[in-house]
Amino acid sequence: MTADLITASLELSIPEIILAVGSMVLLMIGVFSRGRSASLVSGLAVALLIVAGLWLVTLSGEGEAFGGAFRDDSFAKFMKVLTLIGSISALVMAVGSTPEEQMDRFEFPVLVVLATLGMMLMISANDLITMYLGLELQSLALYVVAAINRDSVRSTEAGLKYFVLGALSSGMLLYGASLIYGFTGHLGFPGISEALASGDRTLGIVFGLVFLLVGVAFKISAVPFHMWTPDVYEGAPTPVTAFFAAAPKVAAMAMLIRIVIEAFDPIVADWRQIIVFLAVASMALGAFAAIGQRNIKRLMAYSSISHMGFALVGLSAGSMIGVQSVSLYMLIYMVTTLGTFACILAMRRKEEGNVEQIDDLSGLATTNPVMATMLTIFMFSLAGIPFLAGFFAKYFVFLAAIEAGLYILAVIGVLTSVVGAYYYLRIVKIMWFDEAAEGFMPIGGELRLVMIVSGVFVLLYAFFGGPVMRAAEIAAKSFF
């Protein structure tokens with residue numbers, strides 16, 4: 001590469017460079033202050049993520065960098081902005097966490113910034129090596145934050161389970177990548193697509209695709225690679241669970257879209273079968289397994305599995321409207337989930353600390369009507385009740401499947417959505433009609449901010465959904 005190409009590549013990746021250099025500076029601040037600056041490091045981490053986002057939106061260009069290994073386009077910008085919003089919200093919500101969760105460590109915001117850097121690399125990855133490097137940078141940081149509360153057996157167990165199963169999925173992904181490279185002779189996604197378009201489709205490539213998708217399916221908690229999700233969601237500190245449920249899911253889904261649409265579009269009939277299976281299995285298990293849950297974090301884990309299945313319904317279409325619908329779905333899912341976890345973090349009593357049982361919400365409408373109203377809005381949205389944001393998210397992914405002729409998949413999606421509505425409505429019933437339990441402590445300003453902003457977005461989405469849809473359409477046109 002010439003000096004001009006290197007300079008152009010560095011200019012295109014300035015948001016990632018900001019996060020990489022900034023995370024090292026934050027680490028030094030935390031170390032040399034001997035751990036007494038957790039709040040300062042958290043504030044600086046939020047500012048760093050905001051600066052990276054502003055640069056991405058206003059100053060960053062589009063194109064390929066580093067010999068085609070890194071690609072920044074409208075789709076990458078859209079998904080990166082979502083990822084940054086998710087990370088910022090998770091850091092803001094962690095500020096008001098209880099001492100028992102031991103989130104007042106400077107390592108947490110540093111690890112969140114490093115994980116976000118990995119996610120941004122995943123989103124812009126244009127070859128198999130960059131994809132893997134971004135995925136592992138994200139994963140290594142997430143392994144640590146899952147077990148960041150070293151005094152909690154549940155948190156340590158969650159981190160260990162995530163690490164062991166994550167290492168297994170990474171091995172499968174690497175094996176699939178090696179098969180794809182061996183049979184196509186290319187690492188870059190455009191090169192793989194050209195090789196497949198020329199008729200070079202062998203059984204080895206299909207096997208490689210299967211293993212590659214298995215590794216990615218683990219990251220989005222798609223069935224049958226979901227086994228880590230309920231235990232990690234329940235065991236990790238709640239601010240960490242909120243982070244897990246938002247930004248990493250967006251980045252992994254964006255990476256999956258880029259893989260199947262950009263690299264494997266010539267063999268859409270092969271990967272569509274895999275995606276349809278993952279979608280049906282995830283929707284069904286998420287809908288039925290959540291019915292018996294009593295822990296709200298565990299219920300949200302199965303809810304996330306189900307929602308990843310709904311997003312895959314749109315992706316299975318393999319069309320522009322399919323990519324557009326998935327991009328929109330991930331935006332609405334992330335905002336709704338962040339608002340829900342803001343409510344869960346507010347489930348705090350003076351003597352008990354944070355509580356996680358659904359029954360603890362009994363009579364919340366009497367003791368805290370604002371929180372009950374907000375949580376009701378989020379539950380209705382997750383259930384797909386018209387005309388909240390979640391309804392439009394599901395409508396467009398089902399529409400994409402119907403336009404692609406996947407009628408049975410769309411019907412299964414509607415039926416599992418009806419089943420899933422049961423456990424969301426049960427929470428609403430407990431809050432509004434059951435006898436009131438002991439009230440919660442006043443909600444902190446940080447949680448209140450996330451809760452209200454998310455609630456307004458979900459409730460009034462029908463009035464400003466047009467610009468959001470256009471942004472998702474522009475993002476999807478990057479592939480077509």
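Below, each value reflects all heavy atoms present in this structure, side chains not excepted, and no hydrogens, waters or symmetry copies.
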With no hydrogens and no angle check, is any side-chain donor or acceptor of [X] less than 3.5 Å from a backbone partner on [Y]?
X      : Y      : result
Thr337 : Met334 : no
Asn126 : Gly68  : yes
Trp271 : Phe264 : yes
Trp228 : Ala158 : no
Lys394 : Leu382 : yes
Ser319 : Gly322 : yes

4.5 Å side-chain heavy-atom contact, [X] and [Y]:
X      : Y      : value
Ile14  : Leu59  : no
Phe341 : Met300 : yes
Thr336 : Leu388 : no
Val419 : Ile291 : yes
Phe392 : Met469 : no
Gln293 : Tyr302 : yes
Phe66  : Ile6   : no
Ser417 : Phe310 : yes

Q. Of all residues at least two apart in sequence or in a different chain, which pass the salt bridge (Lys or Arg N to Asp or Glu O under 4.0 Å) check with Glu473?
A. Lys477
Q.
Taking the six-membered ring for Trp, are Tyr233 and Phe244 closer than 6.0 Å centroid to centroid?
A. no
Q) Hey, would you say the Phe207 and Phe211 ring centroids sit under 6.0 Å apart? A) no
Give the minimum heavy-atom separation between [X] and [Y], together with the two atoms involved.
X      : Y      : result
Ser325 : Gly314 : OG-CA, 3.7 Å
Phe398 : Gly413 : CZ-C, 3.5 Å
Ser87  : Leu49  : CB-CD1, 4.0 Å
Leu312 : Ile275 : O-CG2, 3.5 Å
Val240 : Phe108 : CG2-CE1, 3.8 Å
Ser124 : Lys80  : OG-NZ, 2.6 Å

Q | side chain to side chain donor-acceptor pair (under 3.5 Å) partners of Ser169, counting only residues at least two apart | A | none
Q) Parallel, tilted or perpendicular for Tyr329 and His307, by the 30°/60° rule? A) tilted
Q) Do the rings of Tyr395 and Phe391 sit parallel, tilted or perpendicular, given the 30° and 60° boundaries? A) parallel
Do the charged groups of [X] and [Y] touch, with an N to O distance under 4.0 Å?
X      : Y      : answer
Lys297 : Asp231 : no
Glu262 : Arg71  : yes
Glu136 : Lys219 : no

Q: Could you tell me whether Tyr175 atom OH has more than 12 heavy atoms of other residues or ligands within 6.0 Å of it?
A: no
